[in-house]
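A quick note: this is a predicted structure, and the numbers were derived from the prediction, not measured. Each chain gets a letter, A, B and so on, in the order its sequence line appears, and its residues count up from 1.
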Protein chains: 2
Amino acid sequence: MATPLRKTPSKSDRKREVILAAALELFSRSGVDGASLDRVAERADVSKTNLIYYYPSKDALYAAVLNNVLSLWLVPLEAIDRANSPQEAIATYIRQKITFSRDHADASRLFCFEILYGAPVLGGRLRDRLQPVMDEKAAVFAHWIASGQMAAVDPYQFLYSLWATTQHFADFASQIEALSRRTLDDPAFFEESVAHVTALFLARIRP
Amino acid sequence: MATPLRKTPSKSDRKREVILAAALELFSRSGVDGASLDRVAERADVSKTNLIYYYPSKDALYAAVLNNVLSLWLVPLEAIDRANSPQEAIATYIRQKITFSRDHADASRLFCFEILYGAPVLGGRLRDRLQPVMDEKAAVFAHWIASGQMAAVDPYQFLYSLWATTQHFADFASQIEALSRRTLDDPAFFEESVAHVTALFLARIRP
DNA sequence: GTCTATATCCCGATAGAC
DNA sequence: GTCTATCGGGATATAGAC
């Protein structure tokens, strides 16, 4: 029984999760360098030495958190499927991504931090994991365009703009709050935002 | 002659500029906490004590850099003027903002860092300096909409999307480079990006 | 696995001579 | 204005007992 395949998470698995959650919370507010392991341990309610027992270094902890985040980040892309119409697919994608910006603002911010740093940890993963998905989605767009279902756009540029506008609600939340005094937690502002972004992209692809 | 109003910058003015430039460069790559005054001083070719003579604390230096950045950031907004047609104004704004993302990527990234941190330093300035300009521009949009020159959009949401898509080229440059292997320094990619973003927003406001 | 104690290093900032 | 020397604090990480 070298590597037991249990369905119920072990005690140490649960502890790792608690630590990861605490790390995400703090790293996403102050950046990696702005947050100390002391505070992460405190937040996770473990001793610092114990934390280091589970994650041998700060870099290792940071990398673990980031990999979790990347996985979450990829989920909404599944909506972009040739089985759907482009209008449905894009509307669904936008709603899911803005929902993600509301419910996982910390993950979005941490991702943004990492990219600002120049993607030192995630750089390779972007090519290994994101690039293939992106090429796949670009092919779906090409299919929709070729079959006259949507206007011709550069799929890469189109995806960049989709990411930018939807993540903006998480990454620039404090600016939006300073200027509009509104949050995605306000259901009216949430729906308003979804409607606005959806209208922006659907107008563009009208055949 | 208490405060001489000279046009030629004094030696100390020039030194302050060199320090600010070095601080911008380092803060925008690693965040404030990730960069040390030691390295800023080294980059600016002054001793650390001398740096501290000009800027008494790291926070003061950071605040000074940020205020510079905010001023730069506001410039392109001047294009949004009721004297122009909305199409001209928006196209001009987009080109200027993407040019800014190319030529001042470090300033854009530092701004992004500050917002991610929750705008601890710039928070007040956003209300004092950006909010009035934004309200003014919202009025211009309202005028264009009322006179049938553009389709009805929420001006605030519209500006957020404009900022998001254009700044994305600076803030997420390392992601774009990992996926597209292209940079705004490539004139073809630059023009392609301007054309894409412009088409996106002009399609939306078609009356 | 978890703890206490501690090594080691770097950072921001100050003191005081010149 | 600029320098050398240094303080004091906090950070990551390790050693070793239990």
Side-chain angles (χ1 to χ4, degrees), chain A residues 1-4 6 8-66 110 113-114 117 120-121, chain B residues 1-4 6 8-66 110 113-114 117 120-121:
Chain A
M1 216 171 73
T3 46
R6 47 179 120 205
T8 54
S10 69
K11 194 177 174 185
S12 92
D13 285 343
R14 259 179 275 127
K15 207 158 183 179
R16 294 177 92 91
E17 272 174 38
V18 173
I19 292 171
L20 282 180
L24 172 58
E25 193 178 325
L26 293 176
F27 288 170
S28 72
R29 279 186 210 291
S30 322
V32 212
D33 299 300
S36 71
L37 291 181
D38 259 299
R39 297 199 143 193
V40 174
E42 187 186 19
R43 190 79 185 81
D45 205 35
V46 296
S47 71
K48 184 171 55 167
T49 25
N50 196 218
L51 185 158
I52 284 187
Y53 170 77
Y54 286 100
Y55 294 95
S57 72
K58 195 184 193 182
D59 282 351
L61 176 59
Y62 176 56
V65 180
L66 265 184
L110 189 73
F113 267 117
E114 166 69 3
Y117 293 139
V121 174
Chain B
M1 218 169 74
T3 46
R6 48 180 120 208
T8 54
S10 69
K11 194 177 174 186
S12 92
D13 284 342
R14 259 178 275 128
K15 207 158 185 179
R16 293 178 94 92
E17 272 173 36
V18 173
I19 292 171
L20 282 180
L24 172 58
E25 193 179 325
L26 293 175
F27 289 169
S28 72
R29 282 190 208 289
S30 323
V32 212
D33 299 300
S36 71
L37 291 182
D38 259 299
R39 299 200 140 191
V40 174
E42 187 187 17
R43 190 79 185 81
D45 205 36
V46 296
S47 71
K48 184 169 59 167
T49 23
N50 196 218
L51 186 158
I52 285 188
Y53 169 76
Y54 286 98
Y55 293 96
S57 72
K58 196 184 193 182
D59 283 350
L61 175 60
Y62 177 57
V65 180
L66 265 183
L110 188 74
F113 267 117
E114 165 69 5
Y117 293 139
V121 174

task = Report the distance from atom CG of Leu24(A) to atom CD1 of Ile19(A), rounding to the nearest 0.5 Å.
result = 13.5 Å
Interface residues of residues 15-24 of chain B with DNA chain D (non-hydrogen, below 4.0 angstrom) = Lys15(B)
Determine all donor-acceptor pairs shorter than 3.5 Å in which one atom belongs to a side chain in residues 37-45 of chain A; sequence neighbours excluded.
| residue | atom | partner | partner atom | Å |
| --- | --- | --- | --- | --- |
| Asp38(A) | OD2 | Lys48(A) | NZ | 3.4 |
| Arg43(A) | NE | Glu25(A) | OE1 | 3.4 |
| Arg43(A) | NE | Glu25(A) | OE2 | 2.8 |
| Arg43(A) | NH2 | Glu25(A) | OE1 | 3.3 |
| Arg43(A) | NH2 | Glu25(A) | OE2 | 3.2 |

ask   = Under 30°, 30 to 60°, or over 60°: which ring-plane class applies to Tyr62(A) and Phe27(A), parallel, tilted or perpendicular?
value = perpendicular
query = Atom CD of Glu42(A) and atom P of dT12(D): how far apart are they, to the nearest Å?
reply = 13 Å
Side-chain donor-acceptor distances from residues 51-59 of chain B under 3.5 Å, at least two apart:
| residue | atom | partner | partner atom | Å |
| --- | --- | --- | --- | --- |
| Ser57(B) | OG | Ala60(B) | N | 3.1 |
| Lys58(B) | NZ | Val32(B) | O | 2.9 |
| Lys58(B) | NZ | Ala35(B) | O | 2.8 |

query = How long is the gap from OH on Tyr117(B) to CG on Asp33(B), to the nearest 0.5 Å?
reply = 5.5 Å
request  = Enumerate the residues from residues 45-56 of chain A whose closest heavy atom to DNA chain D is under 4.0 Å, giving them by residue number; use none for an empty result.
outcome  = Lys48(A), Thr49(A), Ile52(A)
message = With heavy-atom distances below 4.5 Å as the criterion, would you say the side chains of Lys15(A) and Ser10(A) are in contact?
response = no
task = Could you check how far CG of Leu37(A) sits from C1' of dT14(D), rounded to whole Å?
result = 14 Å
note = DNA chain C: first to last nucleotide in contact with chain A (atom under 4.0 angstrom from a heavy atom), 5' to 3', is dG1(C) to dA5(C)
remark   = For Glu114(A) and Val121(A) the tightest heavy-atom approach is OE2-N, 2.7 Å
Sugar-phosphate, base or nothing in reach of Ala60(B), heavy atoms under 4.0 Å = nothing
